[in-house]
Amino acid sequence: MSTDRRKPYPFDRLEAKWQHHWDSQSTFHAPNPGDPGFDPAKPKYYVLDMFPYPSGTGLHVGHPEGYTATDILARYKRMRGFNVLHPMGWDAFGLPAEQYAIKTGQHPAVTTAHNIDNFRAQLKRIGFAYDWHREVNTTDPGYFKWTQWIFLQLYHSWFNPATKKAEPVSTYRGADPDLVRLAYVAEVPVNWCPELGTVLANEEVIEGKSEVGGHPVERRPMRQWMLRITSFADRLIAELDGLDWPDSIKLLQRNWIGRSEGAEVIFSIEDTAQPVRVFTTRPDTLFGATYLVLAPEHALVEEITAESQREAVRAYQESCRSKSDLERTDLAKDKSGVSTGAFAINPVNGERLPVWIADYVLTGYGTGAIMAVPAHDARDHEFALKFNLPIRQVVQPPGEEPWQGFTGHGTAVHSDFLSGLPTQEAKQEINRWLELHGKGKGTVQYKLRDWLFSRQRYWGEPFPIIWENGRHNAIPESELPLTPPIMEDFKPTGTPEPPLSKALDWVRYSETARRETNTMPQWAGSCWYYLRYCDPKNPERFISKEAERYWMGADSANPGGVDLYVGGTEHAVLHLLYARFWHKVLFDLGHLSTPEPFQKLVNQGIILGEDGQKMSKSRGNVVNPDEIISEFGADAFRCYEMFMGPLEQMKPWSTSGVEGVSRFLARVWRLVMEENQAGEWVRSAALVEVPLEKPQLKVLHATIKKVSEDIESLSFNTAISQMMIFVNAFTGAAQRPISAIRTLLKLLNPLAPHITEELWFLSGAEGTVADQVWPEYDPAALIEDELELVVQINGKVRDKLTVLRIATSQEIEAAALASPRAQEWTAGKTIRKIVVVPGKLVNIVV
RNA sequence: GCCGAAGUGGCGGAAUGGCAGACGCGCUAGACUCAAAAUCUGGUAUCCGUAAGGGUGUGUGGGUUCGAGUCCCACCUUCGGCACCA
């Protein structure tokens, strides 16, 4: 494809012109309450993109998919009279910048600034209607000052189980507030990645390897900052209900939080003072327990292990410790474990149960100990078979299924006072019994763990914390922002000591106090950026009360929060969960007016390469948006991305598809313009002020209706189809009514803003399209006097019939029966039934 | 293994239970042209038939209905997520 091929219309010139116009006029600046130009009569609309990490490789075609969708909504709502907040910014802390910096010796701040300039230029080239006055950057001290401030809110708060809310830690009545803070320090087994020189969150470890780079990850205990997100588990589940999110994403979050109801049961251990607590979701099977299993790391193992087993237990613990997570969680492997030689007493019947340790029991979940019921649990069953432990039925399956290995609900058997009860009732009964006898109680467990919040990196927000005499303390708010030290060498130390520990002057806070040298994870900045956009330059607060109430608050017409949030599914769990958590804490503390940040969420599907495979450098199927824009223009690029298919769906790229959309835009161009003898574009002589013919009127109003509805429902592909139908209908006309063409320009403007502005101007209209009011359709124009009906015989189309719109069912029936084809098909047959669907069809059943 | 989403022409896809395949790509014929590109006009699921017309057809098999791509049941395939969570 030659690049000097003649352009179907001069998009290169006109796109640059309008981008400059929007920039210089601040066309899409949204005023806050109190700002000049603010109109309190206008409703607000907050439409948000997931801001990008400004990588060195620049924008790929996946970014603009979601960004174009929100841009269409922003421009559409603006024409509908809304005050639209549509901002963009940079999630610029993070590992790649730091690693690139280490490789090149350039400071990450330098490369980050360069990458941001590149991203901004690329986005402007696509013509997005962002309010660039509101740009935020998570690495800007004016921004991360407030990230640190929010951390201090967490640090100074606790979750009051009585009120189920975050409260200032001063309301805590216990002795040591450090035990309950939402931000706390703990010695926890963490995912240590030697290659990256840092700890990773569970979420950042995929199959025992780091999500970034795929390096091996091992577990080791380390002192870390944690955020008590588990306190909010119930609310994070419950408050999903009111959100307009895809059900699949809500489900993903619920599964991630992983709430399960069950019971804690207390087993005493022979010859030991300490009892073992186990968690089970099937307390109804307590009579079927034949042994206990503790996680190898369980605190009681040391105490209870019999002398004879001490050696074997120690060896097993050692082998587990050296295993990577990958090996340990490999499902294909055999069950392993050793006996401790100790015996537990089943509280319900006094039986002696051997106590084992095995790595299929995890330290981090429940109590780190289980009662094994091999008859009715697949893992226990496998373990019992391998080690020849007894298997005892206590549930009778409802059908013909064999009881051994049956894990469903049935009826309790061989279970004393539970026998005969259905599983549900048996659970309640045994919970009552346990509580009555002080042997346990019903509890709830979550898969969600507290959020491991510290990283051993340079390029992140420093914690506003100092250490003195082994105790941590917050620095005063007046010392924020706490900027990282300027360092020549910010390489990982190779030990768990973070790079900041090398900046000795910075670390030294006072004679006796030292700074915390960990930094926050990349998630921190993205947890609240949507709030900062509302009031991006405020030096006094992270967001002013007024701005928060206006953009995020609820009113009678609006449940509050961001009105539309579009981004990829890769953030369906972590980012959205973390941001909701912070939002709830800030809400509880009275800083925000609604408990949920994102009212409506839409996930765009990923764009595959032309070969139907995931785009990747190694496959060589990556599409560069810059090249597409150079060849076809930004409008064609935008429209093609929207025309590919439904927004949420995964779909392959097709460059010839871009050509098709480009042809469509060129046809729009030629509705208004034509070439003269000299090959210059001049206003078309066919464009005149004439009244519309009836069929034209119908197409026009059908198009207004369809495009309006389709934009509201984010069905941009069919909106474009309808506008193609419009263009096809008007292209052939000898005289093209100027009013109808201008209406099309308004409808097309949100999708293709440059060409429509230029044609608006060239057609001699006043002002700009962006400032026009969105057109309304006239239902009367869609009504025809005569309708074409389908005549079916036994559900098959046999004829067509034109009837008056006002015809009665009887008249339609008669006309259908009289039609020649119906006569043929019904000849000699009995008519059993006639179904008339007004405006659609007649079905004759013979 | 569990959970979720999806299967429609050569391709991307469209279709409040009511004419399956809108719109676009590709292909194809024609117009314009010395010619090509571009542009414009028409055709394009499949089988039988010169045609008129008819049969078949939305992953597979059943069902509900006057009527099913759409609703119900079972199954197959693909993709995504979680994964020894007791």
Side-chain angles (χ1 to χ4, degrees), chain A residues 2 5-6 8 207 246-252 254-256 258-260 262 278-282 285 293 295 328-331 333 335 358-362 364-373 376-380 382-383 407 445-449 569-570 572-573 605-606 608 610 612 614 639-640 643-646 648-661 663-664 666-667 670 675 715 717-725 727-728 731-732 788-800 821 824 832-837 839-846:
Chain A
S2 76
R5 191 191 60 188
R6 196 177 186 293
E207 290 183 346
D247 285 338
S248 59
I249 300 298
K250 290 188 182 182
L251 199 67
L252 231 47
R254 285 198 188 94
N255 289 345
W256 189 265
R259 184 180 200 274
S260 45
V278 307
F279 174 72
T280 175
T281 53
R282 293 298 298 272
T285 61
V293 188
R328 198 164 155 175
T329 58
D330 183 3
L331 273 175
K333 86 177 163 72
K335 289 273 178 293
D359 66 358
Y360 81 92
V361 175
L362 311 172
Y365 183 76
T367 59
I370 63 155
M371 63 179 211
V373 184
H376 306 294
D377 180 280
R379 296 150 302 182
D380 298 344
E382 194 190 330
F383 192 84
T407 58
Q445 285 292 335
Y446 303 92
K447 285 193 218 174
L448 184 71
R449 315 290 165 82
T569 348
E570 68 272 23
V573 176
I606 59 170
L608 303 171
E610 203 131 13
K614 216 166 178 169
C639 288
Y640 174 66
F643 188 61
M644 290 171 79
E648 289 96 330
Q649 195 171 301
M650 183 193 298
K651 43 209 177 281
W653 181 268
S654 155
T655 300
S656 58
V658 188
E659 271 178 77
V661 172
R663 269 201 281 272
F664 157 68
R667 282 158 71 91
R670 289 194 307 270
E675 268 180 298
S715 308
N717 54 333
T718 48
I720 294 170
S721 296
Q722 181 62 38
M723 288 190 276
M724 286 172 168
I725 290 170
V727 171
N728 290 345
T731 294
E788 189 179 67
L789 292 189
V790 168
V791 180
Q792 294 184 338
I793 314 291
N794 288 346
K796 287 199 185 297
V797 179
R798 296 302 181 188
D799 207 351
K800 298 197 177 167
R821 307 287 328 282
E824 275 175 49
R832 298 176 198 278
K833 191 172 179 180
I834 301 181
V835 181
V836 178
V837 182
K840 287 257 159 63
L841 57 76
V842 186
N843 190 13
I844 301 167
V845 186
V846 293

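Quick note on labels: first sequence line is chain A, next is B, and so on, each numbered from 1. The figures that follow rest on heavy atoms only: side chains count, while hydrogens, waters and symmetry mates do not. All figures in this text were calculated on a predicted structure; none of them were measured in a lab.
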Worksheet item: Any side-chain N or O of A:R798 under 4.0 Å from OP1/OP2 of B:rG54?
Response: yes

[atom1] atoms of [N] and [M], separation to the nearest Å:
{"N": "B:rA5", "M": "B:rA74", "atom1": "P", "answer": "15 Å"}
{"N": "B:rG59", "M": "B:rA6", "atom1": "P", "answer": "13 Å"}
{"N": "B:rU78", "M": "B:rU60", "atom1": "C1'", "answer": "15 Å"}
{"N": "B:rA83", "M": "B:rG10", "atom1": "P", "answer": "40 Å"}
{"N": "B:rU8", "M": "B:rG21", "atom1": "C1'", "answer": "7 Å"}
{"N": "B:rG7", "M": "B:rG54", "atom1": "C1'", "answer": "30 Å"}
{"N": "B:rC2", "M": "B:rG12", "atom1": "P", "answer": "30 Å"}
{"N": "B:rC25", "M": "B:rC79", "atom1": "P", "answer": "30 Å"}

How is [X] classified with respect to the nucleic acid when contacts are heavy atoms under 4.0 Å: base, sugar-phosphate, or nothing?
{"X": "A:R254", "value": "nothing"}
{"X": "A:R259", "value": "nothing"}
{"X": "A:R832", "value": "nothing"}
{"X": "A:T569", "value": "nothing"}

What is the distance, to the nearest angstrom, from the [atom1] atom on [X] to the [atom2] atom on [N]?
{"X": "A:E788", "N": "B:rG18", "atom1": "CD", "atom2": "P", "answer": "17 Å"}
{"X": "A:N717", "N": "B:rA14", "atom1": "CG", "atom2": "P", "answer": "5 Å"}
{"X": "A:L608", "N": "B:rC11", "atom1": "CG", "atom2": "C1'", "answer": "14 Å"}
{"X": "A:E570", "N": "B:rC82", "atom1": "CD", "atom2": "P", "answer": "12 Å"}
{"X": "A:D380", "N": "B:rA86", "atom1": "CG", "atom2": "P", "answer": "12 Å"}
{"X": "A:Q445", "N": "B:rA86", "atom1": "CD", "atom2": "P", "answer": "9 Å"}
{"X": "A:W653", "N": "B:rG13", "atom1": "CH2", "atom2": "C1'", "answer": "16 Å"}
{"X": "A:M650", "N": "B:rA5", "atom1": "CE", "atom2": "C1'", "answer": "10 Å"}

I need the minimum non-hydrogen distance between [X] and [Y], along with the two atoms involved.
{"X": "A:G795", "Y": "A:N843", "value": "N-OD1, 2.9 Å"}
{"X": "A:R798", "Y": "A:I793", "value": "CG-CG1, 3.4 Å"}
{"X": "A:C639", "Y": "A:I720", "value": "O-CD1, 3.4 Å"}
{"X": "A:A295", "Y": "A:L362", "value": "CB-C, 4.0 Å"}
{"X": "A:V727", "Y": "A:T731", "value": "O-OG1, 2.6 Å"}
{"X": "A:D380", "Y": "A:V373", "value": "OD2-N, 3.0 Å"}

Paired with [N] by Watson-Crick or G-U wobble geometry, both distances under 3.5 Å: which nucleotide is it?
{"N": "B:rA5", "answer": "B:rU78"}
{"N": "B:rC25", "answer": "B:rG10"}
{"N": "B:rC40", "answer": "B:rG30"}
{"N": "B:rG67", "answer": "none"}
{"N": "B:rU50", "answer": "none"}

Discussion item. I'd like to compare against my own output: the B/S/- annotation of nucleotides 23-28 of chain B with a strict under-4.0 Å heavy-atom distance to protein.
Written reply: BSSS--

Worksheet, complete the sentence: Sequence neighbours excluded, the answer for ring-ring contact (aromatic ring centres under 6.0 Å, His included) partners of A:F279 is none

Measure from the side-chain heavy atoms of [X] and tell me the nearest of [options].
{"X": "A:P646", "options": "B:rG54, B:rG13, B:rA15", "result": "B:rG13"}
{"X": "A:V790", "options": "B:rA15, B:rC19, B:rA86", "result": "B:rC19"}
{"X": "A:V797", "options": "B:rA15, B:rC19, B:rA86", "result": "B:rC19"}
{"X": "A:D377", "options": "B:rA15, B:rA86, B:rC40", "result": "B:rA86"}

Item to complete: Test for a donor-acceptor pair under 3.5 Å between the base of B:rC84 and the side chain of A:K335, counting only N and O atoms.
Response: yes

Discussion item. Quick check: any donor-acceptor pair below 3.5 Å linking the side-chain of A:K840 to the base of B:rC19?
Written reply: no

Worksheet item: Taking the six-membered ring of A:F383, is the NZ or CZ of A:K335 close enough (under 6.0 Å from the centre) and on axis enough (within 45°)?
Response: no

Worksheet item: How many angstroms lie between CG in A:N794 and CD1 in A:I844, if you round to the nearest 0.5 Å?
Response: 9.5 Å

Item to complete: Look at the side chain of A:Y640 and the backbone N and O of A:W653, then say whether any donor-acceptor pair between them is shorter than 3.5 Å.
Response: no

Discussion item. Heavy-atom nearest nucleotide on RNA chain B for A:R282 versus A:S248: which residue maps closer to 5'?
Written reply: A:S248

Can you check nucleotides 66-70 of chain B for protein contacts, nitrogen or oxygen pairs under 3.5 Å, and list what you find?
from: B:rC66; atom 1: OP1; to: A:K833; atom 2: NZ; distance (Å): 3.4
from: B:rC66; atom 1: O2'; to: A:N843; atom 2: ND2; distance (Å): 3.2
from: B:rC66; atom 1: O2; to: A:N843; atom 2: ND2; distance (Å): 2.6

Practice prompt. Carefully, step by step, assess A:R449 and A:Y365 under the rule side-chain contact (heavy atoms from CB on, under 4.5 Å).
Written response: CA-CA 8 Å; A:R449 315 290 165 82; A:Y365 183 76; 4.0 Å; yes

Worksheet entry | Where the chi angle of B:rG42 falls, syn if within 90° of 0 and anti if not | anti

Worksheet item: Any side-chain heavy atom of A:M371 sitting closer than 4.5 Å to one from A:T285?
Response: yes

